[in-house]
Each structure stands twice: as C-alpha cells, then as structure tokens.
Protein chains: 2
Amino acid sequence: MGSKAEAIEQYLLKIIELSDDHIVELRRAELSYQFSCVPSQINYVLNTRFTTAQGYVVESRRGGGGYLRIVKVPIEREDDLIKMLADKSKQDLSEQEAKGLVIRLVEEGFFSKTEGRLMLGVLSGGVLARAKEEKDLLRMDLMRAMVLTKLREK
Amino acid sequence: MGSKAEAIEQYLLKIIELSDDHIVELRRAELSYQFSCVPSQINYVLNTRFTTAQGYVVESRRGGGGYLRIVKVPIEREDDLIKMLADKSKQDLSEQEAKGLVIRLVEEGFFSKTEGRLMLGVLSGGVLARAKEEKDLLRMDLMRAMVLTKLREK
DNA sequence: ATTATAAAGTCAAATAAGGTCAGAGGTGGA
DNA sequence: TCCACCTCTGACCTTATTTGACTTTATAAT
C-alpha cells in the first residue's frame with residue numbers, strides 16, 4: 001500500500017498537469033480533509049516533493065482567504081545547472097534528490113528519456129550499496145560527471 | 001534438504017513468473033512472517049540470489065509505506081558481451097575493460113553514442129576515486145546496472 | 001483599536017518501515 | 001574429522017511518514 005504522502009503527491013501532480021498554465025491553487029484544510037490526514041501533512045508533502053530543486057515554487061497565504069499555490073517553473077537550464085554543480089558546499093545527493101533532479105532534467109529536455117533512465121539506473125536502488133557510508137557522496141560525483149559529460153557534448 | 005533461503009527464492013521466482021510484467025512488490029516484514037524467519041533473511045536471499053549479475057534489479061523504500069520491489073530483466077541473448085555480465089565469478093571491471101566494453105556495445109548499436117559517452121563519463125577517470133580499493137567492483141556494479149536498465153527498456 | 005475567527009506554518013515525537021553487520025549454527029566434501 | 005562455505009539470527013541503525021500541540025499571520029466584526 002503506497003503511502004498517503006504519495007497519493008497526495010500524485011493528486012497534485014495530476015491537477016498541475018491538467019491546469020493549462022502549470023499553476024494550481026488550493027486550500028490546505030480542504031485537501032487534508034479529502035485525504036483524511038492532518039493539515040500539516042500537506043506541508044510535509046510540499047516540503048519533500050515540491051522543492052525548488054524539483055522545479056516548483058510554492059507560495060501561500062495565511063489567515064482568512066488563505067491559500068496554497070504551487071507553480072511549476074522552467075529553469076534557465078545550463079546556468080542553473082552549472083551553478084548547482086559549482087556549489088562545492090553541496091557534496092552529497094540522496095536518492096530522492098537524485099530522482100527528482102533527473103526527472104526534471106529530462107522534462108527540460110537536457111537529457112533524453114533513455115539517458116534519464118540510464119542515470120536513474122545507476123543513481124538509485126542497491127547499485128551503490130558497496131559504497132556504504134559514502135553512498136551519497138558518490139552519487140553526487142556520479143551526477144556531476146554525467147551532467148558535465150552532457151554539457152561538453154552540447 | 002532445501003534451506004529456507006532456497007524456499008524463499010523459489011517462492012519469489014514463482015510469483016515473479018506469474019506476474020505479467022516480471023515485477024513484484026512486497027513487504028519485507030510480511031514475507032519474513034510467512035516464512036517464519038527474521039526480516040534480515042529476506043535481505044540475505046536478495047543479496048545472494050537476486051543480484052544484477054543474475055539479471056535482477058531490486059529497489060526498496062523505508063519508512064511508512066515502505067516496500068521491496070524485484071524486477072527481472074530477461075537476458076536471453078547470444079551476445080557474449082552481455083553474457084559476460086551475467087558471469088557471476090567476474091566481479092570487477094578495470095577502467096580499460098570498461099572502455100573497451102562500452103565502445104563495442106556502442107558499435108553494436110546496443111547503446112547510442114550519447115549513452116556511451118555518458119557511461120564513459122561515469123566509468124572512467126577520477127569519478128570513482130571515493131570508492132578506493134572497491135573501485136573496480138563498483139565499476140562492475142555500475143556497468144551491470146546500466147546494461148540491465150537498457151535491456152529493460154528494449 | 002480591539003477582539004474574534006480563519007487560515008497556514010513549525011517542530012518534535014510517535015510510528016512504520018527497511019538495512020547492516022557480525023557472529024552463531026549447519027552441512028557437505030576432502 | 002575438519003575446514004570452507006553457506007545459512008540464520010538478533011541487536012542496532014537509518015530513513016520516511018504521520019500526528020498533534022503550539023505559533024503566526026491575515027481578515028472580519030465590534
């Protein structure tokens with residue numbers, strides 16, 4: 001049984017897809033009611049799955065007439081990419097982050113679908129098991145290497 | 001006398017066979033309960049019998065809604081390059097070997113040129129530096145993962 | 001202005017998975 | 001018999017999700 005968080009994610013993705021300008025606006029309380037969960041779980045989903053790294057901007061407003069707005073934004077890809085890669089302080093990459101990033105890079109057309117699959121193949125699952133504690137560091141190295149390879153070819 | 005590990009293996013093989021897309025998803029805790037063993041024995045079975053060398057990709061997720069997913073990738077090829085990957089005794093792959101292999105796989109049209117470049121980007125140079133002595137083992141894991149990913153999509 | 005009401009945000013604890021590793025226990029062949 | 005090589009177990013670890021008490025901010029009503 002998939003988690004509730006995932007169901008909420010899927011629902012949001014779907015309605016974003018359906019909206020013509022890739023913007024969706026909603027009430028936190030209503031959504032949490034629909035999915036019979038506490039309101040703060042909506043924040044959890046937003047914080048873990050609709051991050052800027054994954055290409056989303058979330059705005060909100062409290063109080064009467066409050067709302068949540070999720071906007072999917074395209075990136076100025078190469079600049080942002082280089083920035084991300086150049087950010088030396090970011091030395092590790094979790095599996096989740098990696099997946100989000102790859103999905104986005106494919107959506108942006110930076111990588112083809114098959115390339116994306118290839119990347120997911122090495123970045124996720126038990127493939128890096130041997131690397132143990134260094135797994136997340138290595139994953140970052142691999143991601144860098146692949147993005148750089150691709151940049152060079154363009 | 002068949003071991004419990006073998007019984008679990010047989011069971012998994014059977015349900016993978018029965019599933020129409022060769023994918024099976026399950027709860028570790030449930031399975032271990034069915035076979036009255038500790039949960040970690042499931043990992044033992046997966047690690048010893050459902051490896052990439054044997055054509056399986058295993059994914060998992062922890063936490064609420066967690067799961068194990070086993071994907072079988074059919075390796076029915078006369079292609080001896082690919083067969084080599086199925087050779088369990090071959091556990092490491094040097095940089096030179098990797099390059100040669102990728103080049104041939106691209107020549108044969110198994111991988112596209114850009115995919116090949118992506119692979120070389122990951123398999124060669126200092127990218128795996130972090131893995132130290134395990135570098136060659138890890139390189140083999142990566143190669144297997146990529147080939148399986150590609151086979152999976154064909 | 002003050003107070004009431006209607007949102008949404010934060011954060012940490014509780015819960016629900018799966019992962020790792022080292023050592024104990026078997027088993028079969030030389 | 002003895003050794004090498006499986007299997008099996010349990011203690012401990014890491015990660016993801018769910019919940020709820022408390023906080024903050026906006027609007028509406030007096």
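These values consider heavy atoms only, across backbone and side chains, with no hydrogens, waters or symmetry-generated copies. Within every chain, numbering begins at 1; the chains are lettered A, B, ... in the order of the sequence lines, protein sequences first and strands thereafter.
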Are the charged groups of E115(A) and K150(A) less than 4.0 angstrom apart, N to O? yes

Would you classify R69(B) as touching base, sugar-phosphate or nothing, given that sugar-phosphate means primed atoms plus P, OP1 and OP2, and contacts are heavy atoms under 4.0 Å? nothing

For atom NZ of K132(A) and atom C1' of dT15(D), their distance in whole Å: 19 Å

Would you say V102(A) ends up clustered with F111(B) if hydrophobic residues are merged whenever their side chains have heavy atoms under 4.5 Å apart, either directly or through other cluster members? yes

dT24(D) P sits how many Å from R62(A) CZ, rounded? 9 Å

5'-most contact on DNA chain D (nearest-nucleotide basis), A5(B) vs G63(B), goes to A5(B)

Base dG26(C) to side chain S3(B), donor-acceptor N/O within 3.5 Å cut-off: no

From NZ of K135(A) over to C1' of dT15(D), roughly how many Å is that when rounded to an integer? 11 Å

E97(A) CD to dT15(D) C1': how many Å, rounded? 13 Å

d(CD1, I8(B); P, dT9(D)) in whole Å: 9 Å

Regarding dG18(C), can its base be found pairing with the side chain of S40(B) as donor and acceptor, where the two atoms are less than 3.5 Å apart? no

E25(B) atom CD is separated from dA17(C) atom C1', nearest whole Å, by 13 Å

Can you figure out which of dG19(C), dT7(D), dT17(D) approaches the side chain of Q41(B) most closely? dT7(D)

In whole angstrom, give the distance that lies between atom CZ of F50(B) and atom P of dG19(C). 15 Å

Counting side-chain heavy atoms from C-beta on, which of dG20(D), dA26(D), dC8(D) comes nearest to R61(A)? dA26(D)

Pairwise side-chain contact, R139(A) with M143(A), heavy-atom cut-off 4.5 Å (strictly under): no

Between G64(A) and N43(A), whichever has its closest DNA chain C nucleotide further toward 5' is G64(A)

Looking at R49(A), does any N or O in its side chain come under 4.0 Å of the phosphate oxygens OP1/OP2 on dA16(D)? no

Report the nucleotide, chosen from dG18(C), dG9(C), dC6(D), that has the shortest atom-to-atom distance to any side-chain atom of Y44(B). dC6(D)

Tell me: CZ of R28(B) to C1' of dT20(C), nearest whole Å? 10 Å

Answer yes or no: is there an ion pair linking E97(B) with K90(B), defined by an N-O contact shorter than 4.0 Å? yes

Side chain to side chain contact (heavy atoms under 4.5 Å, CB included) between D136(A) and L128(A): does it pass, once the steps are laid out? CA-CA 9 Å; D136(A) 287 357; L128(A) 300 181; over 6 Å; no

Assign Y67(B) to base, sugar-phosphate, or nothing according to its heavy-atom contacts below 4.0 angstrom with the strands shown. sugar-phosphate

